[in-house]
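Letters A, B, ... mirror the listed sequences (proteins, then strands); counts begin at 1.
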4 protein chains.
Amino acid sequence: MEFSKNIPIYLQIVDYVIEQILLNEWQVEARVPSVRELGGHIEVNPNTVMRAYRDLEEKNILYNKRGIGFFVSKEAHKLIMKIKKNQFMKEDLPVMFNKMALLGLDMEDVMKMYKKRKG
Amino acid sequence: MEFSKNIPIYLQIVDYVIEQILLNEWQVEARVPSVRELGGHIEVNPNTVMRAYRDLEEKNILYNKRGIGFFVSKEAHKLIMKIKKNQFMKEDLPVMFNKMALLGLDMEDVMKMYKKRKG
Amino acid sequence: MEFSKNIPIYLQIVDYVIEQILLNEWQVEARVPSVRELGGHIEVNPNTVMRAYRDLEEKNILYNKRGIGFFVSKEAHKLIMKIKKNQFMKEDLPVMFNKMALLGLDMEDVMKMYKKRKG
Amino acid sequence: MEFSKNIPIYLQIVDYVIEQILLNEWQVEARVPSVRELGGHIEVNPNTVMRAYRDLEEKNILYNKRGIGFFVSKEAHKLIMKIKKNQFMKEDLPVMFNKMALLGLDMEDVMKMYKKRKG
DNA sequence: GTGGTCTAGACCACC
DNA sequence: GTGGTCTAGACCACA
């Protein structure tokens, strides 16, 4: 796994986990990889993975059975979507629109990129 | 000047300088405030201002005349736009598209928000 | 470590690091001393070492793993040679040729010295 | 006049003056431009020019008639050649040879550059 | 433990 | 006056 330099790794792991859940790679109510497994897999200190899991536990996306491991919560999808959609609409989009205005770009330019990406 | 807590001050100064240049408050080929002046003005250590100026010098947005001060380069506007555009196209947009895919949103939803904003 | 007075210490550290790498004292992909270690060792403020390391990071000779340390990059040798060769060809040689012209020396004189040195 | 960034301007002026003398642009026993003239001409603070002239005065390459100006000394050429030749042979060449060895270059490479320059 | 940022304050060369 | 370097020492996030 490649990590971007300017974002804390544990946050990138949080995003990674969320992605796995949304893609149903990690299923609801199923056990997720242990911090050691995942740490070994993505070549990251288990402590760092733990920090990410704790973050997700706080958001009720994961929960923990002592001595067994972390599990994807029932409401994981709902919670993730709620958090992310809100964030996207209220924060990401306005910021993007501002940047576009500043750069003299309009939606057509964005559309081009969007289609390019899909093609 | 108010500083956000989670972003290094020197980076916020970089952004501030760029803003001043784009707004033509600091004109091309003109001297910008000395590190001590600006440091005093925004209540920041001169060294911190220096770090920001050095960053901008590296990007050829500012240049330096020994013993005299820092100046806005001729190509400052062009370079700023280039950097920002690049960042937007290569970093911001792909991230956004990713999020959209995960959230099940498409360009129509974005268009709606865009029009709402303008209206 | 002895520092020459007229050259900034951090640049002398840069040279020192480059030397260590070329001599394979500091091996490719291996961790280099932390800024505090090296700072303590050569009796220089860690900040000064940091500045040198940052310079080398910019040139892609060192890279950095968050919370772990600085490492010698894979291409370090190649990059060092490239930088040095370039410097020699584009800066040192032209200056030398100029001096020779002003002093009324030609390549024969230089050759003599060269052979003398080798013999 | 273009100044290299890493060498003090006054030293670059010293070199410039020496060059003018060697090229007989500034003749022996003739008055050289006043600090203001030269300063205006090459767009440099007169103080900086003065510092260069003082340097050259110390080396007996220029001398000063109070209220009149600076003049090229009789022995200017001899002194310059002596200083420079010595410097070149004892300092510049050995340094260059060392660099060549390090970079794996030999005199042939240098010859190529030399001919290229002349051609 | 690591790097990263920031401050206060010093001293320097240069203009 | 200007930038440039350096120190000592602090505090922080991250691993």
Side-chain angles (χ1 to χ4, degrees), chain A residues 3 5-13 35 39 42-52 55, chain B residues 3 5-14 31-40 42-55 57 62-71, chain C residues 3 5-14 31-40 42-55 57 62-71, chain D residues 3 5-13 35 39 42-52 55:
Chain A
F3 293 106
K5 232 203 120 180
N6 297 310
I7 304 167
I9 292 179
Y10 80 94
L11 285 180
Q12 298 184 55
I13 297 175
V35 291
I42 62 180
E43 290 181 317
V44 148
N45 190 309
N47 286 333
T48 310
V49 178
M50 178 61 100
R51 171 133 188 213
D55 252 49
Chain B
F3 292 107
K5 225 201 133 182
N6 295 312
I7 304 169
I9 293 178
Y10 80 93
L11 285 181
Q12 299 183 54
I13 296 176
V14 165
R31 213 189 118 238
V32 305
S34 78
V35 291
R36 297 188 236 259
E37 273 169 17
L38 185 56
I42 62 181
E43 291 181 316
V44 149
N45 189 297
N47 283 334
T48 308
V49 177
M50 174 71 91
R51 169 122 192 226
Y53 278 14
R54 231 202 296 282
D55 261 42
E57 195 186 11
L62 296 185
Y63 67 95
N64 182 290
K65 288 189 199 164
R66 341 152 55 86
I68 304 181
F70 282 90
F71 295 74
Chain C
F3 292 107
K5 225 202 134 181
N6 295 312
I7 304 170
I9 294 177
Y10 79 93
L11 285 180
Q12 299 183 55
I13 297 175
V14 165
R31 213 188 119 238
V32 305
S34 78
V35 291
R36 296 187 237 261
E37 273 170 17
L38 186 55
I42 62 181
E43 292 181 316
V44 149
N45 189 298
N47 283 333
T48 307
V49 178
M50 174 70 91
R51 169 122 192 227
Y53 278 13
R54 232 201 294 283
D55 261 44
E57 195 185 11
L62 297 186
Y63 67 96
N64 180 292
K65 288 189 198 164
R66 341 154 55 87
I68 303 181
F70 282 90
F71 294 74
Chain D
F3 292 106
K5 232 202 122 181
N6 298 310
I7 305 167
I9 290 179
Y10 80 93
L11 285 180
Q12 297 184 56
I13 295 175
V35 291
I42 62 181
E43 291 181 316
V44 148
N45 190 307
N47 286 332
T48 310
V49 177
M50 177 60 99
R51 173 135 188 211
D55 252 49

Report which part of the nucleic acid C:Glu37 touches: base, sugar-phosphate, or nothing (heavy-atom distance under 4.0 Å, all strands). sugar-phosphate

Taking atom CZ of B:Arg51 and atom CZ of C:Arg54, what is their separation to the nearest 0.5 Å? 4.0 Å

From CD1 of D:Ile42 over to P of E:dC15, roughly how many Å is that when rounded to an integer? 11 Å

It should be established whether C:Arg66 places a side-chain nitrogen or oxygen under 4.0 Å from OP1 or OP2 of nucleotide E:dT2. no

On DNA chain F, more 5' by nearest nucleotide between A:Ile7 and C:Asn45 is C:Asn45

Of the candidates F:dT5, E:dG4, F:dC14, the side chain of C:Pro8 sits closest to F:dT5

Value for CD (B:Glu57) from OH (B:Tyr63), rounded to nearest 0.5 Å, stands at 11.0 Å

Would B:Ile42 and B:Ile13 satisfy side chain to side chain contact (heavy atoms under 4.5 Å, CB included), going step by step from the backbone distance to the final call? CA-CA 9 Å; B:Ile42 62 181; B:Ile13 296 176; 4.0 Å; yes

Return the nucleotide paired to E:dG9: Watson-Crick means purine N1 to pyrimidine N3 with N6-O4 or O6-N4, wobble means G-U with N1-O2 and O6-N3, both under 3.5 Å. F:dC6

Want to settle it: does C:Lys65 or B:Ile9 sit nearer the 5' end of DNA chain E, counting the closest nucleotide to each? C:Lys65

Would you tell me if any nitrogen or oxygen in the side chain of D:Thr48 comes within less than 4.0 Å of OP1 or OP2 on E:dC14? no

For the side chain of B:Arg31, starting at C-beta, report the closest nucleotide among F:dA15, F:dT2, E:dT7. F:dT2

Starting at CD1 of D:Ile7, measure out to CZ of B:Arg66 and round the result to the nearest 0.5 Å. 8.5 Å

Could you state the atom-to-atom distance from CG of C:Asp55 to C1' of E:dG4 in whole Å? 16 Å

Between the base of F:dG9 and the side chain of C:Asn47, is there a donor-acceptor distance below 3.5 Å? yes

With a 3.5 Å cut-off and just heavy-atom distances, do the side chain of B:Arg36 and the base of F:dG1 make a donor-acceptor pair? no

Taking atom P of F:dC12 as reference, at what distance in whole Å does atom CZ of B:Phe3 sit? 18 Å

Side chains of C:Asn64 and C:Tyr53: closer than 4.5 Å at any heavy-atom pair? no

Would you kindly give the CE-to-C1' distance between D:Met50 and E:dC15, to the nearest whole Å? 14 Å

Whole angstroms only, please: what is the OH-C1' distance between B:Tyr63 and F:dT2? 15 Å

Nearest whole angstrom, please: distance from the P of F:dT2 to the CG of B:Leu62. 16 Å

So which nucleotide from E:dC15, F:dG4, F:dT2 ends up closest to the side chain of B:Phe70? F:dG4

Rounding to 0.5 Å, atoms CZ (C:Arg36) and CG (C:Asn45) come to a distance of 11.0 Å

B:Lys5 NZ to F:dC11 C1': how many Å, rounded? 10 Å

Pick the closest DNA chain F nucleotide for C:Tyr10 and for B:Gly67 by heavy atoms, then say which residue is nearer the 5' end. B:Gly67

Give a yes/no on whether any side-chain N or O of B:Arg54 is located under 4.0 angstrom from OP1 or OP2 of F:dT5. yes

Can you see if the side chain of B:Tyr53 gets near the phosphate of F:dG3 - specifically, an N or O under 4.0 Å from OP1 or OP2? no

Both B:Ile68 and B:Glu43 contact DNA chain E. Taking the nearest nucleotide for each, which residue is further toward the 5' end? B:Glu43

From CZ of D:Arg51 over to P of E:dC12, roughly how many Å is that when rounded to an integer? 14 Å

Across every strand shown, the nucleotide meeting Watson-Crick or G-U wobble geometry with E:dC14 (both distances under 3.5 Å) is F:dG1

What contact category does D:Val44 fall into here, base, sugar-phosphate, or nothing, at under 4.0 angstrom with non-hydrogen atoms? nothing

